[in-house]
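I have placed the structure first, in the form of structure tokens, so that the comments after it can refer back to it.
In this text the structure is predicted, and so the values were computed from the model without any measurement. Chain letters run A, B, ... following the sequence lines, proteins first, then strands; residues in each count from 1.
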Amino acid sequence: AQSVTQPDIHITVSEGASLELRCNYSYGATPYLFWYVQSPGQGLQLLLKYFSGDTLVQGIKGFEAEFKRSQSSFNLRKPSVHWSDAAEYFCAVDPTSISGSARQLTFGSGTQLTVLP
Amino acid sequence: EPEVTQTPSHQVTQMGQEVILRCVPISNHLYFYWYRQILGQKVEFLVSFYNNEISEKSEIFDDQFSVERPDGSNFTLKIRSTKLEDSAMYFCAVRGAVEQYFGPGTRLTVT
């Protein structure tokens, strides 16, 4: 079955520390891949996307993500976390690249990030 | 990044009442989506809308739900007879070249 998994429900890091949030997908081929961030009571902001080409993609706010086909993963990273990064992070996939017609996003269950001072 | 606005930001309604949630994408788009997020849960797809008709819908999108784009700009989600379990954040999204851009959401509270 097609699915998106974020194995970490909650991650706590200290400000200035590095961060990696995991995302795995299970599809027959490589879908479009995204990371969104949601601050409390807010909407979903697109951090970055992967649809082809370079497997290391840069996003906003200093985030990057690496696509690894062999592991069906698209992990989000940041070298040095700021207190303002505390939020919920969602990995999402779009199988449009597989189906050939525009499709909806399927979201992972999210990872809540807490940043300690 | 396309701007998407949603109104109202918060709607409180009694069970059995009809609600209409509105989405206004600022620029022209072809694909529109509604998603919902029940408190503490992940974002779930409801329906997609293309060329003035429903393109896909999830099992959540039953006969109580409908969507339309009445005037070529506003994109609305109607829930005919709300239930307690409809309480959630409802997000509108538009499709860019590949990605989707989300509005700030409407928090629907059914009492």
Does [X] belong to the same Ile/Leu/Val/Met/Phe/Trp/Tyr cluster as [Y], with side-chain heavy atoms less than 4.5 Å apart forming each link?
X       : Y        : result
B:Ile38 : A:Leu44  : no
B:Leu84 : B:Leu108 : yes
B:Ile20 : B:Tyr90  : no
B:Val12 : B:Leu77  : no
B:Ile54 : B:Trp34  : yes

Do any N or O atoms from the side chain of B:Arg95 and from the backbone of A:Arg103 form a donor-acceptor pair under 3.5 angstrom? yes
Please flag which part of B:Tyr50 lies under 4.5 Å from any non-hydrogen atom of chain A: side chain, backbone, both or neither.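 Neither part.
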B:Gln37 portion near chain A, given a 4.5 angstrom heavy-atom threshold: side chain
Using the test side-chain hydrogen bond (donor to acceptor under 3.5 Å, both in side chains), find all partners of A:Lys49 that sit at least two apart in sequence or belong to another chain.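 side-chain hydrogen bond (donor to acceptor under 3.5 Å, both in side chains) list for A:Lys49, sorted by chain: B:Glu99.
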With rounding to the nearest 0.5 angstrom, report the CD to CE distance, A:Gln42 to B:Met89.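 CE of B:Met89 is found 7.5 Å from CD of A:Gln42.
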Using a cut-off of 6.0 Å, state whether more than 12 heavy atoms not belonging to B:Gln14 lie near its atom CD.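 Counting other residues, nucleotides and ligands, CD of B:Gln14 stays at 12 neighbours or fewer.
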Decide if atom CG of B:Asp63 counts as having more than 12 heavy atoms of other residues, nucleotides or ligands within a radius under 6.0 Å. no
Between B:Phe45 and A:Thr106, does a side-chain contact (heavy atoms from CB on, under 4.5 Å) hold up when you go through it step by step? CA-CA 7 Å; B:Phe45 166 72; A:Thr106 297; over 6 Å; no
Considering all heavy atoms, the nearest B:Val98-A:Phe34 contact: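 That would be O-CZ, 3.7 Å.
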For B:Phe102 and A:Gln38: C-alpha separation, side-chain torsions, deciding distance, then whether side-chain contact (heavy atoms from CB on, under 4.5 Å) applies. CA-CA 11 Å; B:Phe102 286 77; A:Gln38 185 181 35; over 6 Å; no
Pull out the residues in residues 72-83 of chain A that come under 4.5 Å of chain B, heavy atom to heavy atom, sorted by number.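 Listed by number: none.
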Side-chain contact test, heavy atoms from C-beta onward, threshold under 4.5 Å: evaluate it for B:Gln100 versus A:Tyr36 and give yes or no.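 When only atoms from C-beta onward are counted, A:Tyr36 and B:Gln100 do touch, with a gap below 4.5 Å.
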Do B:Tyr33 and A:Leu105 come within less than 4.5 Å of each other through their side chains, counting heavy atoms only?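 They are not in side-chain contact.
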